[in-house]
Every structure is written in C-alpha cells, then in structure tokens.
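In this text, all values refer to a predicted model and were calculated from it rather than measured experimentally.
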Amino acid sequence: MMTGKTAPRRLSIFGSTGSIGRNTLNVVEHLGGRENFEISVLTGNGNVELLARQARSFGARLAVTANDRHYEALKSELFGSGIAVASGKSGLMEAADRDADWAMAAIVGTAGLAPTLAAARRGADIALANKECLVSAGDLFIAAIRAGGGKLLPVDSEHNAIFQVLEENQRHAVERVILTASGGPFRTASLKEMADVTVETARAHPNWSMGLKISIDSASMFNKALEMIEARHLFGLRPEQIEVIFHPQSIIHSMVGYTDGSVLAQLGAPDMRTAIGYALSFPRRPNLPVERLDFARLARLDFEAPDEVRFPALRLARLAMTRGGVQGAVLNGAKEVALEAFIEGRLSFLAMAEVTERVMDELAGLPPAAGMDDVFNADRQARQRAAKLMKLDLVG
C-alpha cells in the first residue's frame, strides 16, 4: 500500500532579516526549501527590501515589519505577490497567532517577548534565540511552554550544546552545566587596560562575526551572564550548578557534568547553522553544510577560569538568580541603557557593570512578575534608574 508524501512543516520566523533569521532560511533552503517547509510568517524591522525578497523567495503567507513607519514600503515591495502584509505590535501578534508548527524566536530585545509568549501558548515548538524571554520573563515563559504543550528548543550555541548532551533519562544525575566562553578580546587584558577600552576594540570578537551590541556584550561577558540566567530556566538548575569556563578556541560549546564524574561535551566548528539545524530537525540530526572538525589541525584545547573582578557581569548574573523575581529583567534593562551610553562615548567600558549593579540594588524589592505588565514595568524602571544615575554623573 502506497502512502502519501508527508505534508510540509509550517514555520514562522520572527526576525528573519537578522543574522539568526538569515541563517535559519539558509538551513531551510539546504534541507529542501519549499518542498519540505511551508513558511507561514516572516517578520523583520527596517530592512523591508530584504524581508520582501525573503517572503517572495520562500512563498511566505504573511510578512510583518515591526515598525509601522515601514508598512507602506513593505506593502509596495510585495504588491501583486499575494503575500499579506502587517506591521507594528499588532502585526507581530497576528504573526504569533498564525498556524505554524515551529517558530524561530529571533527578534532582538523586549520587542520579542509578547509574540514569542503568544506562539508558545498556542502550542508551537519554539526555537529560542531571544534572550529576554528567559532572562526577563523566565517563569512566565516556561509556564507558557508547558501550558501550550510545545517543545522549547534552545538555539544559542551554548544552550543547544547542553540540550544535545543532557540525557533526558539522567536528569536526576546532573551535577553541573559548564558554559564555555571564548573570553572575547579582553580575556588576557589587565583591569587597567580594560579601563581604556574603546567601542572599536570591544567589538572585535576573535571567533564569531556578530552585530555591534552583541559583540560588546560578549567582550564584557554580559552576554554570558544572560546565558547563565537562561540556563537556569531552560534546564531547571540551581544557580550553584551553573559554571563558566574560558575556552578561547570556541570548539567545545558547553558541557554537562554528572554525579558519576562523567562530563559530556558537544564540539563543533563555530557556525550557528549547527544549532539552528538541530532545533529545526529535532529529534533527528540533519545533514548540514558546515565545517567538519580536523582534530589533528586543532592540536589543543585550552581552558581557564574567568576573573570576576575583570568581568563582574558573571557575578551579577549569580546575584540576579539568587534574588529571583524580576531581577533578570532589571539586570537586562539597566545593562541595555549602560551599553548604549558606552557606544555613544558617555560611559566607560567597566562602568557598565557598575551602573547595572547600582540599579539592581535599588530595585531589589520589586515583587515577582504575575504577568507581562510586571516584566515591562521592571524593565522600564531599570532603564529610567540607569539613565538617572548617568545623568547625575554618579558613575563614569
């Protein structure tokens, strides 16, 4: 008896014009494109020309620009295509309600919170590349995943590595997880040298090609601090079970240590398509066009403990996890304002952590979030406090 062909899997990609989104579409194309996948929704922000090209190429049913000002331009680009167009917050929520089996959550910042939460509640499998969902609203987001019944598939290379080697039937035996970090451009720099860091030196990541903000976050270890908080929610860990180790080659993406002394690690070339492909094809492993490791050429893998005096963001992550509540949202909001000030030359590199810690202490008494309004309120207060601190020249 002959069986019919399996129906294409329906995908929504939130943030398709960014690095994660572009790599996701690259993987989709490699794995059969429109023959195996149906693109329900693509969303972007200001790059409407690219968003329109992507929508036409992959036959998306809906294209959304998060910025209402770009609605007419996107509508013009897609005129005659039959592709529906929407914009703004309402457009993103319409996208989240579309019937898709799998959603890539790659919208940067708090703008990605509401649509990702809505897609999770609807029951879609969520490939998570947005940090704020877990850092700022971890308890709410995990509850939404459970209520919807979908799977949560981490896309950050570190969390994806843990996901790959954390044996589901051995969760009782997990002793620790070890997040690896390259150490960035200042791994060996002295505290004095880091006091004079410029935007140009901070953005020069040794292993990964990334945008300006995330490159600076990586240099300051704030990116790793957020990943620590994410790991706690993703894998149900206690703060003391989460470790960070510098690994400059970026070949081991993270490890899980078990109570029998075993440590399982996931290795691979630095290529986001590995994590994206695993999340897209889970539980099967796809055939991907990524570099294969040549161990003879690698020769060595180095490790060293991070110095939390030079990289205080790691300590602040532990503080946020210990305090709980909305401290993750406060940390992230204050850090975002401090980061902008550093980029604009109004704040020193090291003072970003000082601003963040001051704000975390001031807002330590905020109650846990009962809903998204509480998360947004904590984020707003943190940003306002950080801006006030810098305006009064209390840090610098």
Q: Say whether Ser262 and Asp260, considering side chains only, have a donor N or O and an acceptor N or O under 3.5 Å apart.
A: yes
Q. Tell me, do Ile39 and Arg61 make a side-chain contact under 4.5 Å, heavy atoms counted?
A. no
Q: Kindly indicate whether the side chain of Leu50, heavy atoms from C-beta on, has any atom under 4.5 Å from the side chain of Arg53.
A: yes
Q) Just by modelled atom types, is the Asn26 backbone N or O under 3.5 Å from a matching donor or acceptor in the Arg273 side chain? A) no
Q: Compute the centroid of each ring, for Phe349 and then for Phe342, and state whether the two points are separated by less than 6.0 Å.
A: yes
Q) Is it the case that Ser16 and Gln54 place a side-chain donor and acceptor less than 3.5 Å from each other? A) yes
Q. Say you draw a straight line from CG of Leu280 to CG of Leu11; how long is it, rounded to the nearest 0.5 Å?
A. 6.0 Å
Q) Is a side-chain N or O of Ser136 found less than 3.5 angstrom from the main chain of Cys133, in a donor-acceptor match? A) no
Q: Decide if atom CD of Glu29 counts as having more than 12 heavy atoms of other residues, nucleotides or ligands within a radius under 6.0 Å.
A: no
(Q) Tell me whether Asp373 is salt-bridged to Arg380, with the criterion being a basic N under 4.0 Å from an acidic carboxylate O. (A) no
Q) Would you say the side-chain atoms of Arg98 pair up with the backbone N or O of Ser12, donor to acceptor, closer than 3.5 Å? A) no
(Q) Please determine whether a side-chain nitrogen of the Lys or Arg among Glu357 and Arg315 lies less than 4.0 Å from a carboxylate oxygen of the Asp or Glu. (A) yes
Q | Crowding at CZ, Arg284 (>12 non-hydrogen neighbours, <6.0 Å) | A | no
Q) Which pair of heavy atoms, one from Met104 and one from Ala129, lies closest together, and at what distance? A) SD-CB, 4.2 Å
Q | Donor-acceptor contact below 3.5 Å, side chain Gln241 vs main chain Arg238 | A | yes
Q: Evaluate the side chain to side chain contact (heavy atoms under 4.5 Å, CB included) criterion for residues Leu226 and Lys335: first the C-alpha distance (whole Å), next the side-chain angles of each, then the deciding distance (0.1 Å), finally the verdict.
A: CA-CA 10 Å; Leu226 301 185; Lys335 183 272 298 182; 4.3 Å; yes
Q: For Glu38 and Arg10, run salt bridge (charged side-chain N to carboxylate O under 4.0 Å, His left out): C-alpha distance rounded to whole Å, both residues' side-chain angles, the deciding distance at 0.1 Å, then the answer.
A: CA-CA 5 Å; Glu38 178 184 296; Arg10 292 164 299 177; 5.3 Å; no
**Q.** Value rounded to 0.5 Å, distance of CZ in Arg56 from CG in Leu42
**A.** 13.0 Å
Q.
Restricting to non-hydrogen atoms, name the atom on Pro239 and the atom on Met321 that form the minimum distance, rounded to 0.1 Å.
A. CG-CB, 3.8 Å
Q: Evaluate the side-chain proximity of Asn45 to Thr17: yes if any heavy-atom separation is below 4.5 Å, no if none is.
A: no
(Q) Quick check against the 3.5 Å criterion: does His247 have a side-chain atom that pairs as donor or acceptor with the backbone of Ile251? (A) yes
Q: Using the rule that two of Ile, Leu, Val, Met, Phe, Trp, Tyr join whenever any of their side-chain heavy atoms come within less than 4.5 Å, decide whether Leu152 and Ile107 are in one cluster.
A: no
Q | Residues Glu227 and Lys224 bridged, charged N to O under 4.0 Å | A | yes
Under 3.5 Å, side-chain donor or acceptor atoms of residues 81-90 against the rest of the protein: list the pairs with distances, not counting sequence neighbours.
residue : atom : partner : partner atom : Å
Ser81   : OG   : Leu78   : O            : 2.6
Ser81   : OG   : Ile83   : N            : 3.1
Ser87   : OG   : Asp68   : OD1          : 2.7

**Q.** Shortest non-hydrogen separation from Thr43 to Gly15 and the atoms involved
**A.** OG1-N, 2.9 Å
Q. Hey, any chance Val244 and Leu319 share a hydrophobic cluster, counting ILVMFWY side chains that come within less than 4.5 Å of each other, even indirectly?
A. yes
Q | Side chain Asn36, main chain Arg9, donor-acceptor under 3.5 Å | A | no
Q: Compute the centroid of each ring, for Phe163 and then for Phe235, and state whether the two points are separated by less than 6.0 Å.
A: no
**Q.** Test item: Arg187 side-chain N/O and Phe246 main-chain N/O as donor-acceptor pair under 3.5 Å
**A.** no
**Q.** Nearest-0.5 Å distance that lies between atom CD in Glu167 and atom NE2 in His172
**A.** 10.0 Å
Q) Is any side-chain heavy atom of Val165 less than 4.5 Å from a side-chain heavy atom of Tyr258? A) no
**Q.** Value rounded to 0.5 Å, distance of CG in Asn332 from CD1 in Ile229
**A.** 8.0 Å
Q) In this structure, are over 12 heavy atoms from other groups packed under 6.0 Å from Asp302 atom CG? A) yes
Q | Sub-4.5 Å side-chain heavy-atom contact between Tyr278 and Leu288 | A | no
Q: Enter the distance from Asn67:CG to Leu74:CG here, rounded to the nearest 0.5 Å.
A: 11.0 Å
Q: Using atom types as modelled and distance alone, determine if a side-chain donor or acceptor of Thr201 lies under 3.5 Å from a backbone N or O of Thr198.
A: yes
Q) Is Asp139 close to His233 at the side-chain level, that is, under 4.5 Å between some pair of heavy atoms? A) yes
**Q.** Minimum side-chain heavy-atom gap Met390-Val337 below 4.5 Å
**A.** yes
Q.
Starting from Met93, can I reach Leu140 by hopping between I/L/V/M/F/W/Y residues whose side chains sit under 4.5 Å apart?
A. no
Q | Hphob cluster co-occupancy, Phe14 + Val135, side-chain heavy atoms under 4.5 angstrom | A | no
Q: Take Ile20 and Met272 through the test side chain to side chain contact (heavy atoms under 4.5 Å, CB included) and record every step on the way to the result.
A: CA-CA 8 Å; Ile20 296 292; Met272 282 305 304; 3.7 Å; yes
**Q.** Minimum-distance pair of heavy atoms, taken over all atoms of Phe37 and Val28
**A.** CD1-CG1, 3.8 Å
Q. Got more than 12 heavy atoms from elsewhere within 6.0 Å of CZ, Arg310?
A. yes
Q: Group every Ile, Leu, Val, Met, Phe, Trp and Tyr by side-chain heavy-atom contacts under 4.5 Å, then state whether Ile162 and Met255 land in the same group.
A: no
Q. Is there side-chain contact between Leu179 and Glu243, with heavy atoms separated by less than 4.5 Å?
A. no
(Q) Any salt bridge linking Lys131 with Asp156? Criterion: basic side-chain nitrogen under 4.0 Å from a carboxylate oxygen. (A) yes
**Q.** Residue pair Met221 / Ala181: nearest heavy atoms and the distance that separates them
**A.** SD-CB, 4.2 Å
Q) What's in the same ILVMFWY side-chain cluster as Phe79, cut-off under 4.5 Å, chained through other members? A) none
Q. Does a side-chain N-to-carboxylate-O contact under 4.0 Å join Lys213 and Asp217?
A. no
Q. Does the pair Leu347 and Val355 meet the rule for a side chain to side chain contact (heavy atoms under 4.5 Å, CB included), with working shown?
A. CA-CA 10 Å; Leu347 194 69; Val355 169; 4.0 Å; yes
Q. Heavy-atom count around Arg300 CZ within 6.0 Å, excluding the residue itself: above 12?
A. no
Q) Can you tell me how far the CZ atom of Phe311 sits from the CG atom of Leu314, to the nearest 0.5 Å? A) 8.0 Å
Q. Do Thr322 side-chain atoms and Arg318 backbone N/O form a donor-acceptor pair below 3.5 Å?
A. yes
Q.
Checking the side chain of Asn160 only, and the main-chain atoms of Val155 only, is there a donor and an acceptor separated by less than 3.5 Å?
A. no
Q: Could you go through the side chain to side chain contact (heavy atoms under 4.5 Å, CB included) check for Phe141 and Leu128 one step at a time?
A: CA-CA 11 Å; Phe141 189 71; Leu128 189 64; 4.1 Å; yes
Q.
Can you confirm whether more than 12 heavy atoms, excluding those of Gln170, are under 6.0 Å from its CD atom?
A. yes
Q | Shortest non-hydrogen contact between Ala275 and Ser157, atoms and distance | A | CB-CA, 4.5 Å
